[in-house]
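Have a look at the structure below before the remarks.
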Protein chains: 2
Amino acid sequence: MATEPRSPLASLAPATPLTERQEARRRRILQATTQLASRGGFDAVQMREVAELSSVALGTLYRYFPSKVHLLVATMQDQLEHLHETLRKRPPTDQDPAARVAQTLMRAFRAMQREPHLADAMVRALTFADRSVSAEVDTVSRLTTAIVLDAMGLTGRPSPEQLSAVRVIEHTWHSALITWLSGRASIAQVKIDIETVCGLIGTPAEPARA
Amino acid sequence: MATEPRSPLASLAPATPLTERQEARRRRILQATTQLASRGGFDAVQMREVAELSSVALGTLYRYFPSKVHLLVATMQDQLEHLHETLRKRPPTDQDPAARVAQTLMRAFRAMQREPHLADAMVRALTFADRSVSAEVDTVSRLTTAIVLDAMGLTGRPSPEQLSAVRVIEHTWHSALITWLSGRASIAQVKIDIETVCGLIGTPAEPARA
DNA sequence: GACCCATCTGAAACTTGTTCTAGATTAGCG
DNA sequence: CGCTAATCTAGAACAAGTTTCAGATGGGTC
């Protein structure tokens with residue numbers, strides 16, 4: 001863990017900006033990954049297949065994404081950015097911040113239901129990631145936090161309590177997804193869990209209960 | 001996924017009761033697993049090494065535990081049973097149910113801090129487990145639920161709201177562990193998250209509508 | 001255009017989880 | 001005891017993630 005001998009492609013803001021061909025390669029790789037993951041989930045994303053499908057040598061694939069988990073976490077980041085865009089255009093409408101957050105997460109959940117295999121690949125990679133991926137996972141986490149904070153629609157800086165609540169919401173979100181993906185919880189149960197945890201967000205209209 | 005052609009060793013209450021030698025083998029395997037996991041976490045648990053360390057052929061190891069994840073989930077089950085025993089003997093003392101649950105989870109968390117590599121192996125296996133392990137993961141989940149319900153010390157059957165709260169607490173527990181294990185959250189932060197989510201117990205918050 | 005260096009390619013090699021096979025051992029039973 | 005089926009062993013074989021390396025290609029510089 002000394003100075004990073006990593007490729008210049010590792011971070012979000014690359015030291016060396018990518019050439020056009022490199023950008024295109026990266027796109028092709030992520031697209032191939034999405035395609036394979038949508039078909040069969042985590043196991044169906046095989047590095048050799050990703051390389052072939054994106055017309056890139058295996059070694060090159062590993063230069064762009066140093067492991068399968070990195071690759072899938074990057075895919076999740078990609079998807080989350082899309083989601084964030086979509087949500088910005090059509091934000092949740094409810095009056096209550098807690099309800100807005102729940103609404104937002106349920107919207108994301110429905111997106112996952114449409115591509116359960118893809119969801120499987122991304123979420124499993126995210127929770128399986130070890131320290132070597134923590135920077136990338138952190139980026140995903142910050143994106144998720146941003147989405148939730150947006151949904152809360154708060155004015156000004158979030159309080160420490162609000163940040164705690166948001167972290168717990170994210171915990172619940174990830175773990176509930178896992179239980180759903182592995183067939184141990186129903187869609188209805190995930191919904192209940194999300195709504196329950198969103199109760200941690202203070203309702204401004206209502207004072208704290210006794 | 002038709003009729004199970006699995007070994008009679010698969011479930012908790014085996015169809016064929018194990019002979020003494022078989023029981024001893026199982027013990028040796030789990031002990032070897034714990035030992036290797038304690039040394040280097042998930043990656044250090046290598047099936048060939050587990051087999052050798054427990055003086056069992058590789059094929060036999062796979063007969064007892066059909067995959068590495070099964071093996072580690074069984075290890076977690078083992079550890080949780082110990083924890084449950086310990087907690088029964090010295091239950092948390094606080095007046096407030098929420099505080100008792102938080103206290104209990106923090107105790108478990110301190111146990112994990114003593115063996116972070118072992119924790120890594122078990123928790124990563126648990127969240128990485130796919131459908132083929134869902135029965136075993138479910139057993140672990142039920143054990144965890146039992147521990148939390150014990151800590152709540154409730155009289156009579158838990159209400160649906162209480163069960164939701166407990167599920168959300170478990171979600172937070174698992175996911176917070178993950179973030180700690182991958183170095184993205186401090187011990188203090190895990191503590192805060194646990195205490196935050198335990199707030200769902202005492203004051204039955206209204207679920208947000210989506 | 002010639003040269004240089006980083007990058008990319010193709011293919012083999014290595015690692016570790018998992019499966020398979022042939023033969024030895026064990027447990028249960030008459 | 002002797003038989004039979006299940007279990008166990010040793011080891012090869014296979015699958016997929018990862019690494020490595022020799023050579024080809026591309027982009028920038030003189």
Side-chain angles (χ1 to χ4, degrees), chain A residues 5-10 14-29 32-33 36-37 39-74 121 124-125 128-130 132-133, chain B residues 5-10 14-29 32-33 36-37 39-74 121 124-125 128-130 132-133:
Chain A
R6 249 192 319 192
S7 94
L9 307 167
T16 309
L18 300 184
T19 70
E20 208 158 310
R21 298 170 54 95
Q22 286 175 325
E23 192 55 56
R25 260 186 216 109
R26 202 188 124 91
R27 276 288 143 70
R28 285 206 309 277
I29 292 172
T33 302
L36 289 171
R39 178 136 49 257
F42 188 89
D43 294 333
V45 178
Q46 302 196 355
M47 300 304 271
R48 284 171 240 260
E49 275 201 60
V50 172
E52 189 174 0
L53 194 53
S54 48
S55 307
V56 138
L58 191 54
T60 305
L61 172 54
Y62 274 95
R63 170 182 272 275
Y64 280 68
F65 302 96
S67 79
K68 176 169 170 172
V69 169
H70 282 85
L71 174 57
L72 285 169
V73 170
R124 296 256 299 285
F128 189 61
D130 65 5
S132 71
V133 206
Chain B
R6 250 196 316 199
S7 94
L9 307 167
T16 309
L18 300 185
T19 69
E20 209 157 310
R21 297 169 55 96
Q22 286 175 325
E23 192 56 56
R25 260 186 216 111
R26 202 186 124 91
R27 280 285 147 68
R28 286 206 308 278
I29 292 173
T33 303
L36 289 171
R39 176 132 53 255
F42 188 89
D43 294 333
V45 178
Q46 303 196 354
M47 299 304 269
R48 285 171 240 261
E49 276 202 60
V50 172
E52 189 173 0
L53 194 54
S54 48
S55 306
V56 138
L58 190 56
T60 305
L61 172 54
Y62 273 96
R63 171 182 271 273
Y64 280 69
F65 301 97
S67 79
K68 175 170 171 173
V69 169
H70 282 85
L71 175 57
L72 285 168
V73 170
R124 297 257 298 285
F128 189 59
D130 66 3
S132 71
V133 207

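Side chains are part of it too, since the values below use all heavy atoms of this structure and drop only hydrogens, waters and symmetry mates. Note on naming: letters A, B, ... go to the chains in the order of the sequence lines (proteins, then strands), and numbering restarts at 1 for each one.
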Looking only at atom types and distance, does a side-chain atom of B:H70 sit under 3.5 Å from a main-chain N or O of B:Y64, one as donor and one as acceptor? no
Nearest non-hydrogen partners of A:Y62 and A:S67, listed with the distance: CE2-CA, 4.2 Å
Spacing of B:R26 atom CZ relative to D:dC8 atom C1', expressed in whole Å: 18 Å
Once you round it to whole Å, what is the distance between P of C:dT7 and CD of A:E23? 15 Å
Please tell me which of A:S55 and B:R25 maps to the more 5' nucleotide of DNA chain C, matching each residue to the nucleotide holding its nearest heavy atom. A:S55
Which residues pass the salt bridge (charged side-chain N to carboxylate O under 4.0 Å, His left out) test with B:R27, not counting sequence neighbours? B:E23
From CG of B:D130 over to P of C:dT18, roughly how many Å is that when rounded to an integer? 10 Å
Anything under 3.5 Å between a donor and an acceptor, one on a side chain of residues 41-61 of chain A, the other on a protein residue two or more places apart or in another chain? List them.
residue	atom	partner	partner atom	Å
A:S54	OG	A:V50	O	2.5
A:S54	OG	A:A51	O	3.4

Does A:Q22 put a side-chain nitrogen or oxygen below 4.0 Å from OP1 or OP2 of C:dA6? no
Please state how far atom NE2 in A:H70 lies from atom C1' in D:dT18, giving the value in whole angstrom units. 13 Å
Rounded distance in Å - CZ (A:R63) to P (C:dA6): 10 Å
Which whole-number value in Å describes the distance from B:R21 CZ to C:dG28 P? 11 Å
Working to the nearest 0.5 Å, report the span between CZ of B:R124 and CG of A:D130. 5.0 Å
Over how many whole Å does the gap from A:F65 atom CZ to D:dT18 atom C1' extend? 16 Å
d(CG, A:L61; P, C:dC8) in whole Å: 11 Å
Would you give a per-nucleotide map of nucleotides 10-17 of chain D, 5' to 3', where B means the base has a protein non-hydrogen atom under 4.0 Å away, S means only the sugar-phosphate does, and - means neither? B--B--BB
All N/O pairs under 3.5 Å across the protein-nucleotides 28-30 of chain D interface:
none

